[in-house]
Participant: 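Have a look at the structure that comes next, please.
These numbers come from a predicted model, not from an experiment. Every chain is numbered from 1 and lettered A, B, ... according to where its sequence line falls, protein lines coming before strand lines.
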Number of protein chains: 2
Amino acid sequence: MTRAGRPRRGGMRQVAQLAGVSVSTVANVLNNPRLVAADTRRRVQEVMTEVGFVRSGPARQLRGLPSQLVGVVTLDQGNPFYAVLNRGIEDGLADAGCVTLTCSTDVRPETEARVLRLLEEQAVRGILITPNSPDVGGILDVSRRGTPVVLVDGPEDCDSVCSVTIDHRLGGQLVAAHLIALGHRRLAYVRTAVEAVPAIDRLDGFRAALRTAGLDPATALVEVRTSPAARLVEDADRIVDELLDRADPPTAIACANDLAAVGVIRGLVRRGRRVPGDVSVVGYDDLDFAALLHPALTSVRTPVRELGRAAARMLLDEGGDDHHHAEVRFEPTLAVRDSTGPP
Amino acid sequence: MTRAGRPRRGGMRQVAQLAGVSVSTVANVLNNPRLVAADTRRRVQEVMTEVGFVRSGPARQLRGLPSQLVGVVTLDQGNPFYAVLNRGIEDGLADAGCVTLTCSTDVRPETEARVLRLLEEQAVRGILITPNSPDVGGILDVSRRGTPVVLVDGPEDCDSVCSVTIDHRLGGQLVAAHLIALGHRRLAYVRTAVEAVPAIDRLDGFRAALRTAGLDPATALVEVRTSPAARLVEDADRIVDELLDRADPPTAIACANDLAAVGVIRGLVRRGRRVPGDVSVVGYDDLDFAALLHPALTSVRTPVRELGRAAARMLLDEGGDDHHHAEVRFEPTLAVRDSTGPP
DNA sequence: CTGAAAGCGCTAACAT
DNA sequence: ATGTTAGCGCTTTCAG
């Protein structure tokens with residue numbers, strides 16, 4: 001079926017004409033209904049529904065009204081973690097009648113720059129961004145030019161914008177401390193291919209906890225890296241092989257995310273190891289399925305959705321006159337389940 | 001910085017003044033750079049970076065240029081399935097320089113109506129929507145008023161807009177046929193609490209396949225429903241108990257999604273059953289972790305990301321003059337893995 | 001209570 | 001090669 005000519009949307013002008021009033025009366029019906037006589041109002045409203053009148057957001061914005069659009073930039077909105085984050089942001093924005101323009105950067109600087117530009121041109125109310133590197137210069141420029149920015153899960157050393165962070169260092173520490181407390185002395189850490197701030201912090205925290213316990217990361221810790229290709233199924237097997245075939249195989253494996261952990265467990269089972277009997281495994285992020293696995297996965301949980309809400313509220317807050325940039329930090333917790341035990 | 005407070009963004013006018021040219025020359029630098037003398041152009045560009053000039057999208061739109069914004073409405077962008085769908089849409093839109101305004105409806109009609117209104121007011125280029133009920137009247141109104149709409153994974157009986165669908169009936173059939181072929185005769189189906197079109201279709205297809213095989217759904221099939229509360233961990237246990245404690249426990253359990261399947265497997269293991277030795281389990285959606293589970297989950301796979309891309313392209317296509325509304329249907333496939341076997 | 005009029009920042013003729 | 005100008009649809013004084 002071919003679409004008939006797109007019905008030309010008349011504006012307030014057309015409505016005014018058909019209702020026999022002026023545009024400003026129509027405007028009043030919309031913005032200050034009580035100023036308009038009841039029957040005038042009704043007549044105008046009738047015409048509006050009749051012609052299918054829809055207000056023009058762009059025109060309002062041009063007049064200087066605050067935008068209802070908020071830009072949200074993450075590394076990949078297809079990733080469950082960011083998906084939930086986005087959902088939290090959406091929640092936090094809903095009351096203010098705002099919606100999100102969501103973009104993914106895939107950790108590519110050009111893409112980040114491109115979407116930032118785009119969002120800025122849309123004159124969004126503000127931008128919530130998960131920076132893809134510690135170098136947030138371009139982001140600060142945007143802020144400087146007048147678009148409020150909130151950094152999410154990024155570098156914290158920056159007080160010219162608001163930020164919401166997760167203490168990933170603590171997350172890493174929790175994992176290491178848990179494993180050490182269980183008696184593990186030969187540990188492995190499976191890192192992701194991506195070099196983002198959170199990933200680095202986690203590993204940092206992990207190492208720090210080892211040192212605190214008097215262990216030397218150089219000897220007690222093996223680091224493995226998932227391949228960027230991220231065909232996790234085969235990759236997990238490769239990683240497990242690599243680890244088990246060492247002279248001193250680790251008794252516990254910490255993973256940078258839950259998916260990797262699932263893969264590792266599967267690889268261990270394939271090699272006849274029991275989890276946690278022979279080897280303990282820890283995940284990170286505590287995605288929905290983690291608690292459902294067998295064995296239920298010990299993992300690091302962050303209140304992601306709440307984090308999104310907080311970030312959204314912070315942004316909305318920037319409207320206030322006496323606004324001070326602040327940092328809200330969320331602490332992850334360790335959900336201890338059945339995939340970890342004594343060596 | 002010259003001014004205190006929020007730096008007031010000057011427009012082309014300011015740039016023109018500072019560069020000693022007219023606004024239209026500035027416009028030309030932006031839109032038809034080759035029409036402008038090289039050094040004039042450079043001068044203008046210098047001023048632009050100096051004052052941090054950013055084009056106003058709203059103003060351009062008001063002038064009638066196509067919007068770069070596309071509305072995307074799903075049931076819940078936090079759900080991995082829709083998250084990946086959104087990602088696919090984002091991909092498909094990227095080349096056209098468009099970004100997505102993503103909204104979730106939580107299957108609430110008022111919310112759907114609200115966001116549709118909002119998107120319409122933003123004068124988006126088009127809307128991609130996963131309707132939350134077969135009643136798409138409100139959506140068609142939007143289309144009628146002039147905003148191109150593409151229905152995603154919704155009812156198919158509608159030829160006044162484009163649509164992208166998944167043959168969930170086929171999906172259900174594939175599952176049932178697979179289980180029947182393995183020799184199962186007492187089956188269970190775990191449905192979700194939500195009554196959306198796709199969910200209904202899946203079950204329909206499942207039943208149809210039973211009938212085709214000469215089985216009577218009334219006796220060969222037990223339907224169980226997850227609680228809306230969706231505390232899946234306990235719920236899965238409850239469901240498994242309910243199923244196993246029957247006089248004629250099923251030998252195969254099909255689930256409406258992978259998460260439910262994981263929970264069911266866990267519940268079965270808890271009750272000492274082996275999968276697939278004692279009971280076979282099938283998921284739906286084939287999320288990332290499905291293949292990594294132990295046993296690897298047999299599940300129904302849809303090319304979700306590709307589906308999103310297709311939907312996006314369809315929408316962009318509506319710009320064309322000789323556009324015909326069409327339906328693109330994607331066929332799911334069954335990824336047979338280790339969670340299913342003979343009874 | 002209602003109307004007239006001045007732009008918001010930009011584009012696209014149409015001059016020069 | 002550059003300048004002038006008329007709006008796009010709306011909000012917002014300021015007058016009737």
Participant: When you measure from the side chain of A/A27, which nucleotide among D/dT2, C/dT11, D/dT12 comes out closest?
Facilitator: D/dT12
Participant: Between C/dT2 atom C1' and A/L35 atom CG, what is the distance in whole Å?
Facilitator: 10 Å
Participant: What about B/S24, does its side chain sit under 3.5 Å from the base of D/dG3 through a donor-acceptor pair?
Facilitator: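 Yes, a donor-acceptor pair under 3.5 Å.
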Participant: Any idea which of C/dT2, C/dG9, D/dT2 is nearest the B/A37 side chain?
Facilitator: D/dT2
Participant: Could you check which of C/dT11, C/dA5, D/dG3 has an atom nearest any side-chain atom of A/V23?
Facilitator: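 Among C/dT11, C/dA5, D/dG3, the one nearest the side chain of A/V23 is C/dA5.
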Participant: Select one nucleotide: of D/dC10, D/dT4, D/dA1, the one nearest the side-chain heavy atoms of A/F53.
Facilitator: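 My answer, after comparing the listed nucleotides, is D/dC10.
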Participant: Identify whether the distance between the nearest side-chain nitrogen and carboxylate oxygen of A/E306 and A/R313 falls below 4.0 Å.
Facilitator: yes
Participant: Looking at C/dT11, I'd like to know if its phosphate oxygens (OP1 or OP2) sit under 4.0 Å from a side-chain N or O belonging to B/R60.
Facilitator: yes
Participant: Would you kindly give the CE-to-P distance between A/M48 and D/dG9, to the nearest whole Å?
Facilitator: 17 Å
Participant: What is the distance from CG of A/L30 to P of D/dT12, rounded to the nearest Å?
Facilitator: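 So the two atoms are 12 Å apart, to the nearest Å.
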Participant: Without decimals, in angstroms, what is the distance between B/N31 CG and C/dA13 C1'?
Facilitator: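 B/N31 atom CG is separated from C/dA13 atom C1' by 14 Å.
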Participant: Can any side-chain N or O of B/R43 pair as donor or acceptor with the backbone N or O of B/A19 at less than 3.5 Å?
Facilitator: yes
Participant: Any N or O donor-acceptor pair linking the side chain of A/R63 to the base of C/dG7 at under 3.5 Å?
Facilitator: yes
Participant: Side-chain N or O of B/S22 less than 4.0 angstrom from OP1 or OP2 on D/dG3?
Facilitator: yes
Participant: Once you round it to whole Å, what is the distance between C1' of C/dC1 and CZ of A/R43?
Facilitator: 13 Å
Participant: Please report, rounded to the nearest Å, how far the C1' atom of C/dG9 is from the CG atom of A/L65.
Facilitator: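 Roughly 15 Å, once rounded to whole Å.
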Participant: Taking B/L116 as the fixed residue, which of B/D141, B/T147, B/I139 is the one that meets the side-chain contact (heavy atoms from CB on, under 4.5 Å) rule?
Facilitator: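 When side-chain contact (heavy atoms from CB on, under 4.5 Å) is applied between B/L116 and each of B/D141, B/T147, B/I139, only B/I139 qualifies.
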Participant: Could you walk me through whether A/T165 and A/S163 pass side chain to side chain donor-acceptor pair (under 3.5 Å), step by step?
Facilitator: CA-CA 6 Å; A/T165 60; A/S163 59; 5.7 Å; no
Participant: Whole Å only: how far is the CD atom of B/Q61 from the C1' atom of C/dG9?
Facilitator: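 Distance, rounded to whole Å: 13 Å.
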Participant: Any Lys/Arg nitrogen of A/E121 or A/R117 sitting under 4.0 Å from an Asp/Glu carboxylate oxygen of the other?
Facilitator: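 A salt bridge is present here (some side-chain N lies under 4.0 Å from a carboxylate O).
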Participant: For C/dC1 and A/R41 - does any side-chain N or O of the residue sit under 4.0 Å from the phosphate oxygens OP1/OP2?
Facilitator: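 So the side chain of A/R41 is outside the cut-off, no N or O lying under 4.0 Å from OP1 or OP2 of C/dC1.
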Participant: Could you state the CZ-C1' distance from A/R13 to D/dA6, rounded to the nearest angstrom?
Facilitator: 12 Å
Participant: Taking the nucleotide of DNA chain D with the nearest heavy atom to each, does B/R34 or A/V54 sit closer to the 5' end?
Facilitator: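 Nearer the 5' end of the strand: B/R34.
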Participant: Is A/T40 near enough to C/dC1 that one of its side-chain N or O atoms lies under 4.0 angstrom from OP1 or OP2?
Facilitator: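 Checking C/dC1 against A/T40, no side-chain N or O comes under 4.0 Å of OP1 or OP2.
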Participant: For B/D106 and A/R87, run salt bridge (charged side-chain N to carboxylate O under 4.0 Å, His left out): C-alpha distance rounded to whole Å, both residues' side-chain angles, the deciding distance at 0.1 Å, then the answer.
Facilitator: CA-CA 11 Å; B/D106 292 319; A/R87 191 48 159 92; 2.3 Å; yes
Participant: Below 4.0 angstrom from OP1 or OP2 of C/dC1, is there any side-chain N or O of A/N28?
Facilitator: no
Participant: Of all the choices, C/dT2, C/dT11, D/dG9, which nucleotide is nearest to the side chain of B/M12 once you look at every atom?
Facilitator: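 Selected nucleotide: C/dT11.
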